[in-house]
Amino acid sequence: MLNLSGLNSSQRDAVETLSGPLLVLAGAGTGKTRVITYRMANLIARGIQPDRILSVTFTNKAAREMRERAATLIGGRMKRRPVVSTFHAWCVRVLREDIDSLGYPRQFAIYDRGDQESAARTALRDIRLGDAAMKPGDLISRISTWKMQGVSSTAAGEHSESDFDFLASMGYRRYQKQLRASGAVDFDDLLLLTVQLFREHPDVLRKYQARYDHVQIDEYQDTNGVQFNLIEYLVRAHNNLCVVGDDDQSIYGWRGAEVEHIINFASHFPGTRTVRLENNYRCTRAILDCANRLVRHNRNRHDKTLIAHKPAVSGVRIQVFKDEESEARRVVEEISYLISELGVKAKQVAILFRTNEQPRVFEQELRRQKVPYQLVGGQSFFDRREIRDLMAYLKTIDNHRDEVSLLRIINTPPRGIGATSTEKVLQNAVKKGVGFWEMVDELNRLREIPVRTVQAMLDFRNLIERYRSAAQTAPDQLPEIARRLMLDVGYESEIARQYKDEAQREARQNLLEEFISTIALYVEKAPAPTLSGFLESMALQDRDEESEQDEESDRVRLMTLHSAKGLEFPRVYLVGMEEGLLPHKRSIDLDSEKAIAEERRLAYVGITRAMDHLTLTRSASRMKWGKRRDSIPSRFLFEMQEEPGLELPEEHIDNDDDDGFFSGPTPPGATDHKLPGFPAASEPNEFDQPPF
DNA sequence: AAGGAGGGTTTTTTT
DNA sequence: AACCCTCCTT
């Protein structure tokens, strides 16, 4: 029997409710991950076969952690393993098994954001819409919204209500046709096609329904319509469904998530038992009060009261700096001081921000001051041009139908295949409905392309074919194969040629090395490595972090508020608390209560990541599109205060530079402002004496 | 076909 | 400021 003595009574209540619909409303820091893990372990301890339990987590990382923790709880005497997965990864498993029922090949490729963009661009061109009428990005987000609502391209065309939607639906059809021709699916398709499979093929549905007796969903507040359909299909037979979430932390509305799912859970699933987890063990009371006051400004939420279990030690400060550079410099200086003088571990500190453009300055400072750091998430690595090129090579090698990738690298680095010829092949291929290479052969016969260009194309095809068979015969040699490929196509010399600057050249070289190590790491960890497997794990963001960069490494964490979800840190710096940034300008412009409410929840998530110390910073001015502009404090800073409408006191501006722009009395160091209404420190704490 | 100059656009958040 | 696209020259 599982030992539950470490749990409080409501946690235990949730863990011991093993059948029927169960809704766990779990506030921030109330141990929800613990509960869902214990519950899975408990089901197994009560004799449920592990592989008959499906647990869905929000990220692959969370899935890995849950598997490990559950294994520890149960003590490794499991013959079978519980299924712990993200929605997307689980759908890939289903589709690899059964997608042929829908007329797709089982070896489908998964298109990432960049591939989608290229496909959208082609689609727009095919329907003769210039960039002026609709940008590829606009088309993609419209398509994505349709897909999240389960709307097919045909249905989108029939029900379009505006000119934009009408055009977009034409783009949608074209886009979908192109994906199909390339043997590819995009991210949304993974979910949509699975639901379609279940709807149109009852035999397949029955197979999966019979596979699981229990289903658990984490972060339920962030499920979208298609995910809801999926869940509903799966549990229809038994309704053994446990969902865990917090409506105050719903931050993915822009991706189609609907809070209504968690709010209306009990009416969707009659007989629901609801358990509330309201004991917060994470934050000091000062931090929690601050969070509660803020989120109270949202209407339309489950009104819950989180009870702080930590003392009210004041750990909340607001700091103001003159520009984003001093913001970064002073925050990093303080962190550096904490680490070197006060024995704080680097990994106990996190810097959180709203947008991916913010960490740049912080990275510079951290490097300059030699503070070890890790930039979490932010696909910056995979967004680099070099990496995207190499990925396109691998995709072309893996899937000969993937024209999006082919077109990206067919003349990168330049090999004498010009745009005119490529274009000609493409146009004819589309017209006749044949593949790119078939058309090359045909136009060659007809002497419609210059001989030299055809030769370059054929040479290139041979090269790809050579690597295709190499990758197939020796998949465990993938890192070496990739290295050889870079040399073969002259990618390294191209970099040497393009970048005159020594430092830049080195940075790019290192990028390539890092790419090779990513492949090496995959080959090392995967039970049966293949090229397709590598590409799939990249697409699903299921890569193992480099061992020294992983969870335990002693580095300061930098991440967006979105990627901070589910994590906690003893010290949090929430930077850039300004109108336009948090709440973000795009949400302000929408001028809807709903959009601002989501930004507020985002701030709430940020605040509640902090266990002991929270520092909110803002900068009085910021560079935007090459221009310096004044910025004003975030409305959330005001809302956090006890008395509504109270003005923030005029704060000191950090100004240790000598330009004298901000004249006046400047304290000899970072200003330490306590919000009015915050209890005074009841215990000595190093912040009472700022270290500067 | 390649490379460079000039002009226009951009930044929300991510499985 | 940084990037991408287009156009122009070679």
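More than 12 heavy atoms of other residues, nucleotides or ligands lie within 6.0 Å of CZ in A:Arg367, so this atom counts as buried by the packing criterion.
Separating the CE atom of A:Met538 from the P atom of B:dT14 is a distance of 18 Å, rounded to the nearest angstrom. One atom, CG of A:Asp189, and another, P of B:dT15, lie 18 Å apart when rounded to the nearest Å. Rounded to a whole Å, the CZ atom of A:Arg113 is 12 Å from the C1' atom of B:dT11. Taking atom CD of A:Gln358 as the reference point, atom C1' of B:dT13 lies 11 Å away to the nearest angstrom. If you take CZ of A:Phe353 and P of B:dT13, they are 10 Å apart, rounded to a whole angstrom. Computed from coordinates, the A:Arg601 CZ to B:dT13 C1' distance equals 13 Å when rounded to whole Å. Distance A:His88 NE2 to B:dT14 P: 14 Å, rounded to the nearest Å. For the pair A:Met148 CE and B:dT14 P, the interatomic distance rounds to 16 Å; values are reported in whole Å.
Contact annotation for A:Arg628: no contact, since no heavy-atom pair falls under 4.0 Å across all strands. A:Ala89 comes within 4.0 angstrom of no nucleic acid atom, judged by non-hydrogen atoms across all strands. Using a 4.0 Å heavy-atom cutoff across all strands shown, A:Asn60 reaches no nucleic acid atom at all. Counting any heavy atom pair closer than 4.0 Å across all strands shown, A:Phe58 reaches sugar-phosphate atoms only and no base atom.
One can find a donor-acceptor pair under 3.5 Å joining the base of B:dT11 and the side-chain atoms of A:Glu357.
Under the 4.0 Å criterion applied to side-chain N and carboxylate O atoms, A:Arg113 and A:Asp186 are not assigned as salt-bridge partners. Remark: A:Asp112 engages A:Arg388 in a salt bridge, criterion side-chain N to carboxylate O under 4.0 Å. Ionic pairing of A:Asp189 and A:Lys147 is present here: one or more N-O contacts between side-chain nitrogen and carboxylate oxygen are shorter than 4.0 angstrom. At a threshold of 4.0 Å, the pair A:Glu327-A:Arg618 does not count as salt-bridged, since none of the basic side-chain nitrogens sits closer than that to a carboxylate oxygen.
Mapping A:His584 and A:Pro414 onto DNA chain B via the closest heavy atom, the residue that lands nearer the 5' end is A:Pro414. Heavy-atom nearest nucleotides on DNA chain B were determined for A:Asp188 and for A:Gly418, and the one closer to the 5' end corresponds to A:Gly418.
Across B:dT13, B:dA1, B:dT15, the shortest atom-to-atom separation from the side chain of A:Phe187 is found for B:dT15. Of the listed nucleotides (B:dA2, B:dA1, B:dT15), B:dA2 has the atom at the smallest distance from the side chain of A:Asn411. Checked against B:dA1, B:dT14, B:dT15, the side chain of A:Trp254 finds its nearest nucleotide in B:dT14. Comparing atom distances between the A:Ser421 side chain and each of B:dT14, B:dT15, B:dA1 picks out B:dA1 as nearest. For A:His562, the side-chain atoms get nearest to B:dT14 when compared with the rest of B:dT15, B:dT11, B:dT14. Of all nucleotides listed (B:dT14, C:dC5, B:dA1), C:dC5 comes nearest to the side chain of A:Arg121.
The side chain of A:Thr453 contributes an N or O atom lying less than 4.0 Å from OP1 or OP2 of B:dA1. Under 4.0 angstrom from either OP1 or OP2 of B:dT14 there lies no side-chain N or O belonging to A:Thr59.
The distance between the ring centers of A:His297 and A:Phe636 does not fall below 6.0 angstrom. Under the 6.0 Å cut-off for aromatic ring centres, A:Tyr252 and A:Phe58 qualify, their centroids lying closer than that.
Using a distance-only test at 3.5 Å, with no hydrogens or angles considered, a donor-acceptor pair links the side chain of A:Arg67 to the main chain of A:Val84.
Annotation: proximity of residues 222-229 of chain A to DNA chain B (heavy atom, distance under 4.0 Å) is found for no residue.
A salt bridge (charged side-chain N to carboxylate O under 4.0 Å, His left out) with A:Asp248 is found for exactly one of A:Arg601, A:Lys565, A:Arg301, namely A:Arg301. When each of A:Ile231, A:Val226, A:Leu190, A:Thr57 is tested with A:Phe87 by the rule side chain to side chain contact (heavy atoms under 4.5 Å, CB included), just one qualifies, namely A:Ile231.
Using a 3.5 Å distance cut-off with no hydrogens or angles, the side chains of A:Ser532 and A:Asp398 do pair a donor with an acceptor.
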Could you list all N or O pairs between the protein and nucleotides 5-10 of chain B that sit under 3.5 Å apart?
from	atom 1	to	atom 2	distance (Å)
B:dT10	OP1	A:Lys135	NZ	3.0

